[in-house]
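Okay, structure first, notes after.
In the text below, chain A, chain B and the rest are named by the order of the sequence lines, each starting its count at 1.
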Amino acid sequence: MSDISQEQSITTTHQEEINELMKRRREELEELKRRNVNPYPYEFNRTNFSQEILSGFTDDMPQWNVSIAGRIMSIRRMGKASFCHVQDSQGKIQVYLKKDDIGEAYDSFRLLDIGDIIGIEGYVFRTKMGEISVHAKRIELLAKSLRPLPIVKEKVDEQGNKQVFDPFSDKELRYRQRYVDLVVNPKVREVFIKRTKIVNSIRRFFDSRGYLEVETPILQPMYGGAFARPFVTHHNALDIDLYMRIADELYLKRLIVGGFDAVYEFSKDFRNEGMDRSHNPEFTMLELYVAFKDYKWMMELVEHLVSTVAIDVNGSATCTVGNNEIDFTPPWKRLTMFDAIKEYTGRNLRGVSEEEMKKIMKELHLEVAPGMNTGNMIDEMFSEFVEPKLIQPTFITDYPVEMSPLAKRHRSEPGIVERFEVILNGHELCNAFSELNDPLDQRARFEEQMKLKAKGDEEAQVLDEDFLRALEYGMPPTAGLGIGIDRLTMVLTNQDSIRDVLFFPQMKPEVTK
RNA sequence: GAGCCCGUAGCUCAGUGGUAGAGCAUUUGCCUUUUAAGCAAAGGGCCGUUGGUUCGAUCCCAACCGGGCUCACCA
């Protein structure tokens, strides 16, 4: 895309009609300026957060002077006194303003609205109705809000249960204007804080083992490491097309060749595919490679990692996902791909020829698409009959070689690679294998992929000559792992859409009115 | 990509073939410990866009735009 067309495609909203509510706020802004109130001052000395006031106050304590700052979320005016709730990053606290105490500022307070950001200095007290509040001695406007905020009212009953009225719930508006969503829906903030905790917990877990966090290219001259269609972009100075990475696998393995014992990366990956509840075109994948280890070792690491993260973040190794109670406590059940299919369909596929397998597919009322090999059929039967049934975390091991061009052949079973996936709540959570380090076999596998590509399989992998060169220098035996961070977050926060664990999920462009 | 559903006031939603309604929010008045504050009054809408049917469309039909759900794709 050229610079010019980009500029033209930018949505402009400043011409948007200003409705009465917005007009009124602008008038108030002008009036405040006339009264020599700076509606956008430079700083405010906050000394306390709402939560620490609410939890720290006792009725018999000496006068506690505090200074808070935040957004006005509700106002109840009663002539010469008013109450409002001020929301900061920790929560909300009520503020009491009395004309006798703040004088002229009380008249300016009349010009303030829900959504304005203010600073309050005062002392803490408890109202007749029992709510711990700040009695204002001074009020300062810190930022005037020019747009009406959706009003969400809540009532707390005697049991302390919150009842919410008129929630801001339109998903399109919530995603497009996440800033409003975050202001108005406190639970949304919690999900994202938890997401960060998850990432930090994983990082701590790896760092404490001496694994090295690294960064590898996002713009790649050649994409690889997964089955997916890439985004293509163009570098003007070099005049070459570059691909946004679909995985960082091949780069991390180059680093293992280079002599690092263990490397990991939280990788923003990009796949040019459909979007739905569990797919966003850009997403976060954690990849880890550890030298001199195999996939069996990696299974123990994964159990330990995920249960540790769950406890770190939720305080418990069990959590609720939808209607299911999931327990991450190790050890997790292990099943080979063939045994899993046998368990759930009663068919033994071990050593079965392609022709026989087609027959079995038909018996199970599954369609055999043209060009399907045994690997595809096994995958189909697995996703149809097994995956949805696996609720508790389960290792599925030993995949057909056709499905795994970067995994090492099984040490004792032909046609199979040393690979596992963790299935949880009916969905894939992670993928790992003993990494293929035989450069000749790797070349042969790439060539198989290129044949598929030539046949029109757009997601087949591309032969990467430089990666092969690296392997030819010699890569130690290595265990590799990929975990979808968005999916893990969905599980640990009990969200059923990826859009609810991404601040700014991909949306079609907003239409300018 | 297919099917189904949705788009009405700042927010959440009713509604009708004769150009619209509620609650909250907003404005005005009263009210110096209220709390989904209250009482009284008022303003606010090209009923997603463009066509069609009709004397007349927010309502019926079509296309388009945006969104949601389900399925497919996603190794």
Side-chain angles (χ1 to χ4, degrees), chain A residues 17-25 27-28 73-85 92 94-102 106 110 113-115 125-131 133 135 145-157 162-177 180 184 225-229 246-247 271-281 283 367 369 372-373 375-376 378-380 382-383 399-400 402-407 419 421 427-428 431 449 452 457-461 496-497 499 505 507-513:
Chain A
E17 227 173 281
I18 296 176
N19 68 35
E20 195 187 308
L21 296 178
M22 288 170 65
K23 203 183 284 173
R24 216 207 76 249
R25 286 183 180 225
E27 285 163 8
E28 285 170 349
M73 296 304 285
S74 65
I75 305 180
R76 290 175 293 283
R77 300 182 202 270
M78 295 170 304
K80 297 184 183 65
S82 298
F83 288 91
C84 61
H85 272 97
K92 277 183 221 174
Q94 183 170 255
V95 170
Y96 177 56
L97 298 130
K98 196 159 69 155
K99 185 161 184 170
D100 293 350
D101 290 320
I102 61 172
Y106 193 82
R110 290 168 181 281
D113 290 294
I114 291 172
F125 76 113
R126 189 189 292 275
T127 65
K128 279 182 189 164
M129 300 300 288
E131 181 164 348
S133 310
H135 190 129
S145 162
L146 296 180
R147 278 177 188 269
L149 208 58
I151 306 296
V152 178
K153 292 211 168 192
E154 55 190 32
K155 183 184 185 176
V156 183
D157 65 21
K162 263 189 198 165
Q163 202 181 345
V164 177
F165 298 85
D166 296 329
F168 177 59
S169 56
D170 184 303
K171 288 193 177 178
E172 178 171 5
L173 285 177
R174 286 186 47 223
Y175 298 146
R176 287 198 195 280
Q177 300 186 42
V180 175
V184 148
F227 297 94
R229 291 161 63 185
I246 59 172
R271 299 188 183 176
N272 208 338
E273 294 159 352
M275 293 157 52
D276 62 27
R277 233 177 353 153
S278 55
H279 295 82
N280 193 69
F283 62 101
E367 204 181 325
M372 258 191 173
N373 57 31
N376 301 136
I378 289 169
D379 189 35
E380 181 72 20
F382 179 78
S383 14
Y399 285 65
E402 298 89 342
M403 299 163 59
S404 319
L406 300 167
R419 170 178 174 187
E421 284 189 354
H427 294 103
E428 175 192 337
N431 184 19
Q449 290 293 313
L452 291 174
D457 182 348
E458 290 190 82
E459 280 158 2
Q461 301 193 15
D496 62 6
S497 170
R499 294 192 185 101
M507 304 282 279
K508 288 198 190 177
E510 199 172 349
V511 184
T512 317
K513 280 184 182 174

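Comparing the P positions of C5(B) and C73(B) gives a spacing of 24 Å, expressed to the nearest Å. Taking atom C1' on both C61(B) and U53(B), the two are 7 Å apart, rounded to the nearest angstrom. Rounded to the nearest Å, the gap between the C1' atom of U49(B) and that of G66(B) is 11 Å. Between C47(B) and C30(B), the distance separating the two C1' atoms is 37 Å to the nearest Å.
Heavy atoms of Ala228(A) sit under 4.0 angstrom from primed sugar atoms or phosphate atoms, though from no base atom. Heavy atoms of Glu28(A) sit under 4.0 angstrom from primed sugar atoms or phosphate atoms, though from no base atom. Residue contacts shown for Glu131(A) include a base, since a base heavy atom lies under 4.0 Å away. Heavy atoms of Phe168(A) sit under 4.0 angstrom from primed sugar atoms or phosphate atoms, though from no base atom. Residue Leu173(A) is in sugar-phosphate contact alone, with no base atom involved, counting any heavy-atom pair closer than 4.0 Å across all strands shown. Residue contacts shown for Ser82(A) are absent, as no nucleic acid heavy atom lies under 4.0 Å away. Heavy atoms of Lys98(A) sit under 4.0 angstrom from at least one base atom.
Contact check, Arg499(A) against C69(B): a side-chain N or O comes under 4.0 Å of OP1 or OP2. OP1 and OP2 of U32(B) both lie 4.0 Å or more from every side-chain N or O belonging to Lys99(A). One finds a side-chain N or O of Arg76(A) lying less than 4.0 angstrom from the OP1 or OP2 phosphate oxygen of A37(B). OP1 or OP2 of U70(B) lies within a sub-4.0 Å distance of a side-chain N or O belonging to Arg277(A).
Looking at the side chain of Met129(A), the nearest of the listed nucleotides G10(B), U35(B), U33(B) is U35(B). Across U12(B), G67(B), U34(B), the shortest atom-to-atom separation from the side chain of Lys128(A) is found for U34(B). Side chain of Phe125(A), nearest nucleotide from G66(B), G10(B), U33(B): U33(B). In the set G66(B), A25(B), G68(B), the nucleotide with an atom closest to the side chain of Arg176(A) is G66(B). When the nucleotides U35(B), U32(B), A36(B) are ranked by their closest atom to the side chain of Lys155(A), A36(B) comes out on top.
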Would you please test Gln461(A) and Leu406(A) for side chain to side chain contact (heavy atoms under 4.5 Å, CB included) and show each step?
CA-CA 10 Å; Gln461(A) 301 193 15; Leu406(A) 300 167; 3.7 Å; yes
Do Arg110(A) and Glu28(A) pass the side chain to side chain contact (heavy atoms under 4.5 Å, CB included) test, and can you show the C-alpha distance, the side-chain angles, and the key distance before you say yes or no?
CA-CA 9 Å; Arg110(A) 290 168 181 281; Glu28(A) 285 170 349; over 6 Å; no
Show, in sequence, the C-alpha distance, side-chain angles and deciding distance for Ser145(A) and Asp113(A), and conclude whether the side chain to side chain contact (heavy atoms under 4.5 Å, CB included) test is met.
CA-CA 8 Å; Ser145(A) 162; Asp113(A) 290 294; over 6 Å; no
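In this model, no side-chain donor or acceptor of Asp276(A) finds a partner on the base of C71(B) within 3.5 Å. On a pure distance criterion of 3.5 Å, a polar donor-acceptor pair joins the side chain of Gln94(A) and the base of U34(B). Judged by distance alone, with hydrogens and angles left aside, Asp166(A) brings a side-chain donor or acceptor within reach of the base of G23(B), the pair sitting under 3.5 Å. Side-chain atoms of Thr127(A) come within donor-acceptor range of the base of U34(B), with a qualifying N/O pair under 3.5 Å.
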Would you list the protein and nucleotides 38-45 of chain B atom pairs, both N or O, that sit under 3.5 Å from each other?
from, atom 1, to, atom 2, distance (Å)
G44(B), O4', Glu20(A), OE1, 3.3

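The two residues Arg499(A) and Pro505(A) have their closest heavy-atom pair at CG-CB, 3.7 Å. Considering every non-hydrogen atom in both Phe168(A) and Leu173(A), the closest pair reads CZ-CB, 3.7 Å. Taking every heavy atom of both residues into account, Arg271(A) and Ala247(A) meet most closely at NH2-CB, 4.4 Å.
For Asp496(A), the side chain to side chain contact (heavy atoms under 4.5 Å, CB included) test picks out Arg277(A), with sequence neighbours left out.
Mapping His135(A) and Phe165(A) onto RNA chain B via the closest heavy atom, the residue that lands nearer the 5' end is His135(A).
When the C1' atom of A25(B) is taken as reference, atom CE of Met22(A) falls 15 Å away, rounded to whole Å. Separating the CG atom of Asp379(A) from the P atom of C73(B) is a distance of 10 Å, rounded to the nearest angstrom. Between the CD atom of Glu154(A) and the P atom of C24(B) there is a distance of 17 Å, rounded to whole Å. The nearest whole Å value for the distance from the CG atom in Asp496(A) to the P atom in G68(B) is 13 Å.
Counting non-hydrogen atoms of other residues, nucleotides and ligands closer than 6.0 Å to CZ of Arg229(A) gives a total of 12 or fewer. Remark: His135(A) NE2 is packed, more than 12 non-hydrogen atoms of other residues, nucleotides or ligands lying under 6.0 Å away.
For the strand RNA chain B, secondary-structure stems (runs of at least three Watson-Crick or G-U pairs, all distances below 3.5 Å) span B:1-7 with B:65-71, B:10-13 with B:21-24, B:26-30 with B:38-42, B:48-52 with B:60-64.
Ring geometry for Phe125(A) versus Tyr96(A): interplanar angle of 30 to 60°, hence tilted.
The distance from atom NE2 of His85(A) to atom CD of Glu154(A), rounded to the nearest 0.5 Å, is 8.5 Å. Considering NZ of Lys80(A) and CG of Asp101(A), their distance stands at 14.5 Å, rounded to 0.5 Å.
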